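Report on the structure given below.
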Amino acid sequence: LLSSCCVSGIQMLSVQPDTKPKGCAGCNRKIKDRYLLKALDKYWHEDCLKCACCDCRLGEVGSTLYTKANLILCRRDYLRLFGVTGNCAACSKLIPAFEMVMRAKDNVYHLDCFACQLCNQRFCVGDKFFLKNNMILCQTDYEEGLMKEGYAPQVR
């Protein structure tokens, strides 16, 4: 779970020519551009609403930003700094908080580690996998294991 933060939406708005220019929360200058961003109940130049870590323009990266400890961050840097890391159930190595993972019950895996632990077959979308004694198994290896244990499903 992520500790307390604020996730805010970013809106891109057209500047109406007949309205008084708004001040930018980032640089304090008037916004005379064609578009402005609205986030955290303030207005910003597109160039001024940036991640405090990587300097990416948040209006281009997505429609959300994260704030914590007086920092404005993109999702990746927020997770890198404040997200929960864990260990892969297959290789036991650390999984960074921003990395994509596969989950099976309480187990978490690197994408590359999510494969049958007997034959190393990688799974495709829609493939069945089985979790037996905390091991990920493909359907073939799971069924062979059942046969060896003597309680294979009866085929009628």
Side-chain angles (χ1 to χ4, degrees), residues 1-14 24-28 31 33-149 151-153:
L1 292 171
L2 302 176
S3 53
S4 66
C5 86
C6 177
V7 180
S8 297
I10 302 171
Q11 293 176 287
M12 180 175 276
L13 305 171
S14 293
C24 174
C27 68
N28 295 319
I31 303 172
D33 303 351
R34 191 169 169 197
Y35 296 101
L36 59 80
L37 298 176
K38 183 177 182 187
L40 304 171
D41 291 325
K42 298 174 184 167
Y43 297 96
W44 309 77
H45 289 106
E46 290 179 81
D47 286 338
C48 291
L49 187 59
K50 296 189 290 196
C51 174
C53 282
C54 70
D55 260 357
C56 71
R57 290 167 44 154
L58 293 170
E60 291 176 358
V61 175
S63 59
T64 55
L65 61 80
Y66 296 75
T67 55
K68 184 169 172 135
N70 290 328
L71 296 172
I72 295 175
L73 302 165
C74 67
R75 181 178 189 275
R76 181 180 171 92
D77 283 322
Y78 173 76
L79 290 173
R80 187 174 58 78
L81 292 170
F82 301 109
V84 177
T85 59
N87 288 31
C88 175
C91 73
S92 301
K93 291 183 182 155
L94 190 70
I95 302 174
F98 58 81
E99 196 170 295
M100 297 289 284
V101 297
M102 294 298 291
R103 294 181 186 276
K105 292 199 175 173
D106 294 332
N107 296 344
V108 182
Y109 303 86
H110 293 107
L111 289 182
D112 289 342
C113 293
F114 194 72
C116 177
Q117 289 175 287
L118 291 180
C119 71
N120 292 322
Q121 175 191 323
R122 300 283 303 269
F123 298 102
C124 297
V125 175
D127 286 350
K128 281 187 181 176
F129 71 90
F130 298 84
L131 196 60
K132 182 158 175 52
N133 300 330
N134 242 7
M135 283 179 64
I136 308 170
L137 302 173
C138 67
Q139 188 163 4
T140 305
D141 286 328
Y142 176 75
E143 288 172 357
E144 282 179 12
L146 289 180
M147 300 269 261
K148 287 178 189 161
E149 292 172 14
Y151 56 87

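Keep in mind that what you see is a predicted model, and the values were worked out from it rather than measured. If you read the sequence from its start, that first residue is 1, and numbering goes on from there.
- If you take CZ on Phe130 and CG on Leu146, they are separated by 8.5 Å, rounding to the nearest 0.5 Å.
- For the pair Asp141 (side chain) and Cys138 (backbone), a donor-acceptor distance under 3.5 Å is absent.
- Contact of the Glu46 side chain with the Glu60 side chain is not registered, since no non-hydrogen atoms from C-beta on lie closer than 4.5 Å.
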Pair up each side-chain donor or acceptor in residues 98-113 with any protein partner under 3.5 Å, not counting sequence neighbours, and list the distances.
{"unit_1": "Asn107", "atom_1": "ND2", "unit_2": "Tyr109", "atom_2": "OH", "d": "3.1"}
{"unit_1": "Asn107", "atom_1": "ND2", "unit_2": "Asn134", "atom_2": "OD1", "d": "2.9"}
{"unit_1": "His110", "atom_1": "NE2", "unit_2": "Leu94", "atom_2": "O", "d": "3.2"}

For this session: Could you please spell out the steps behind the side-chain contact (heavy atoms from CB on, under 4.5 Å) verdict for Ile136 and Phe114?
Result: CA-CA 8 Å; Ile136 308 170; Phe114 194 72; 3.4 Å; yes
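- For the pair Thr67/Leu40, a side-chain contact is recorded, criterion being any heavy-atom separation below 4.5 Å from C-beta on.
- From Ile31, atom CD1 reaches atom SG of Cys48 across 7.5 Å, with rounding to the nearest 0.5 Å.
- Residues Ile95 and Asn87 approach most closely at CD1-C, 4.0 Å, considering heavy atoms.
- We find the CD1-SG distance between Ile72 and Cys51 to be 9.5 Å, quoted to the nearest 0.5 Å.
- In this structure the side chain of Tyr66 never reaches within 4.5 angstrom of the side chain of Cys74, judged on heavy atoms.
- Separating the NZ atom in Lys50 from the CG atom in Leu58 is a distance of 10.0 Å, to the nearest 0.5 Å.
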For this session: Take Leu118 and Leu137 through the test side-chain contact (heavy atoms from CB on, under 4.5 Å) and record every step on the way to the result.
Result: CA-CA 7 Å; Leu118 291 180; Leu137 302 173; 3.7 Å; yes
Exercise. Between Cys24 and Tyr43, does a side-chain contact (heavy atoms from CB on, under 4.5 Å) hold up when you go through it step by step?
Worked result: CA-CA 5 Å; Cys24 174; Tyr43 297 96; over 6 Å; no
For this session: Applying side-chain contact (heavy atoms from CB on, under 4.5 Å), run through Gln139 and Glu143 and close with a yes or a no.
Result: CA-CA 6 Å; Gln139 188 163 4; Glu143 288 172 357; 3.1 Å; yes
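- Side-chain atoms of Cys27 and His45, non-hydrogen and from C-beta on, do get closer than 4.5 Å to each other.
- Atom CG of Leu71 sits about 6.5 Å away from atom SG of Cys53, to the nearest 0.5 Å.
- No donor-acceptor pair under 3.5 Å is formed between the side chain of Gln11 and the backbone N or O of Lys38.
- The six-membered or imidazole ring of Phe129 lies away from that of Tyr142, with a centre-to-centre distance of 6.0 Å or more.
- Applying the side chain to side chain contact (heavy atoms under 4.5 Å, CB included) test between Leu65 and each of Leu73, Val7, Leu49 identifies Leu49 as the sole match.
- In terms of heavy-atom proximity, Phe123 sits nearest to Lys128 at CE2-O, 3.6 Å.
- Proximity of a side-chain donor or acceptor of Trp44 to a complementary backbone N or O of Ala39 within less than 3.5 Å is detected.
- Interatomic distance, CZ of Arg76 versus SG of Cys56, reported as 10.5 Å (0.5 Å rounding).
- Surrounding CZ of Arg57 are more than 12 heavy atoms belonging to other residues, nucleotides or ligands, all under 6.0 Å away.
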